[in-house]
Peer 1: 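Here it is: the structure, laid out below.
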Amino acid sequence: MKKTILITGGAGFLGSHLCERLLHSGHEVLCVDNFFTGDKENIKHLFSHPLFELLRHDVTFPLYVEADEIYNLACPASPVHYQYDPVQTTKTSVHGAINMLGLAKRLKARILQASTSEVYGDPEIHPQTEDYWGRVNPIGPRSCYDEGKRCAETLFFDYHRQCQLDIKVVRIFNTYGPHMPPDDGRVVSNFIVQALRGEDLTVYGDGSQTRSFCYVDDLIDAMVLMMESPKGFTGPVNIGNPGEFTMLELAENVLRLTGSTSSIAFKPLPIDDPRQRRPDITLAKTKLGWEPKVCLEDGLRMTIEYFRKRLNIPPHTTFV
Ligand code: NAD
Ligand code: UDP
């Protein structure tokens, strides 16, 4: 059945893939974005699509539109960008959630929150399961994002309990792929861009901290499955690829797959940088019948190809 679907943060990395996917499924898509980290380049190929509409809007202000479903993705996700204006980051998560939940309440619409593995902070439980409450610094440089996202989850569950709102919450672990901007600042795009330009790969700390990297197509599959899951299954549900790598392993993979002769430069570890992160995806497997299909090597190859084109670097060239 054709639905009208609102996507906040629709011009961003994940949002733009979601716009594509939902249009492809025959839905009408209303993409809302203030272009803080989003880019028209990500969605310009959709402008001529008859079912696509773009609205420049900041979700910290109320929004009056009509929709059947809402995906709430608006929020900068890269530490560099969310720490640039931390007050606005918290406002985006908290006021943005309040505004979108209020909208969903008026419309009686189902609403999905793009939450994050950051709600687990620097975890003592490994791998992380959804019932783990996390270890988050409430006053550090990452708190605007972590606590903002935690408060957004609180709001979602209170609207669910208090107003019977039909909510869905996914906790997304590090995801990468095409449509990340070259200056995004997150590790996968940084390493690939540095390798292709022949610059040193900036490994923070000693590079022994771990992350689990999910390719964007897998993530979008899971988000849509979650939105379409039976009423009453609210989550939170972990979405990520359980393959776990140190940042040094990631750097070595990127060097090998790009054929780059770049070196590794060690830089200071950012404050409160989590030591380890890996999702337990048992719940997603059981409830959504989902598990990731793309391994890191294949995902990196596709992402490298995207950045080669975007940076205009011909194959077999590793610097500009
Ligand atoms: P992104 O920065 O590329 O996208 C965020 C989008 O939100 C951008 O288009 C930005 O312009 C928009 N935005 C920011 N503030 C806004 C505001 N006040 N009003 C309207 N639009 C606003 O990041 P992404 O990786 O695509 O992440 C999308 C969502 O998924 C975020 O909520 C993020 O927290 C969550 N998430 C992503 C990851 C990941 O690894 N990519 C991991 C965990 C959670
Ligand atoms: N990192 C790195 N070099 C970079 C960017 C990030 O070594 O150029 C590290 C960072 O310190 C962290 C991991 O890579 O340990 C993932 O960082 P990212 O910003 O991608 O996401 P996070 O999971 O920290 O939000």
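Both ligands and their constituent atoms are indexed starting at 1 by order of listing. Worth saying up front: this structure is predicted, and the values here are computed from it rather than measured.
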Peer 1: Out of Met223, Glu118, Arg186, whose heavy atom is nearest to atom 24 (P) of ligand 1?
Peer 2: Arg186
Peer 1: For Glu41 and His179, does a side-chain donor sit closer than 3.5 Å to a side-chain acceptor?
Peer 2: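 Their side chains do not contain a donor-acceptor pair, so the 3.5 Å distance test is not met.
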Peer 1: Would you kindly say whether Glu244 and Ser212 are connected by a side-chain donor-acceptor distance under 3.5 Å?
Peer 2: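 The answer is no; no qualifying pair exists.
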Peer 1: Around ligand 2, what residues show up once you keep those with a heavy atom under 4.0 Å from it?
Peer 2: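 Lining ligand 2: Pro79, Glu118, Arg142, Asn174, Gly185, Arg186, Val187, Asn190, Phe191, Thr202, Val203, Tyr204, Gln209, Arg211, Met247, Pro270, Asp273, Arg277.
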Peer 1: Which part of Tyr176 is near ligand 1, with near meaning a heavy atom under 4.0 Å away: side chain, backbone, both or neither?
Peer 2: neither
Peer 1: Does any N/O atom on Val32 come nearer than 3.5 Å to any N/O atom on ligand 1?
Peer 2: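 By distance alone, the answer is no.
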Peer 1: Pick from Asp146, Asn238, Thr129: which one makes a side chain to side chain donor-acceptor pair (under 3.5 Å) with Tyr120?
Peer 2: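 Between Tyr120 and the candidates, side chain to side chain donor-acceptor pair (under 3.5 Å) is satisfied uniquely by Asn238.
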Peer 1: Mind checking whether Leu201 and Met180 sit in one hydrophobic cluster, side chains of I, L, V, M, F, W, Y counted as touching below 4.5 Å?
Peer 2: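 Yes, same cluster.
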Peer 1: Are any of the N or O atoms of Gly12 closer than 3.5 Å to those of ligand 1?
Peer 2: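 Yes; the residue has a nitrogen or oxygen that sits under 3.5 Å from a nitrogen or oxygen of the ligand.
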Peer 1: Could you check which of Cys75, Gly96, Pro181, Gly177 puts a non-hydrogen atom nearest to atom 14 (C) of ligand 1?
Peer 2: Cys75
Peer 1: Please determine, by modelled atom types, if Asp122 and Gln276 share a side-chain donor-acceptor pair under 3.5 angstrom.
Peer 2: no
Peer 1: Under a 4.0 Å threshold between the charged nitrogen and the carboxylate oxygen, would Lys293 count as salt-bridged to Asp221?
Peer 2: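 Yes, this pair counts.
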Peer 1: Among Lys149, Arg277, Arg171, which residue satisfies the salt bridge (charged side-chain N to carboxylate O under 4.0 Å, His left out) criterion with Glu118?
Peer 2: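 Passing option: Arg277.
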Peer 1: Decide whether a cation-pi geometry holds between Lys40 and Phe35; the criteria are a distance under 6.0 Å from NZ or CZ to the six-membered ring centre and an angle within 45° of the ring axis.
Peer 2: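 Output yes; distance and angle both within limits.
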Peer 1: Within the side chain of Asp218, is there an N or O that forms a donor-acceptor pair under 3.5 Å with the backbone of Val294?
Peer 2: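 The answer is yes, because a donor-acceptor pair under 3.5 Å joins these two groups.
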Peer 1: Within the 4.0 Å heavy-atom shell around Gly38, which atoms of ligand 1 are there?
Peer 2: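 Within the 4.0 Å cut-off of Gly38, ligand 1 contributes 8 (C), 9 (O), 10 (C), 11 (O).
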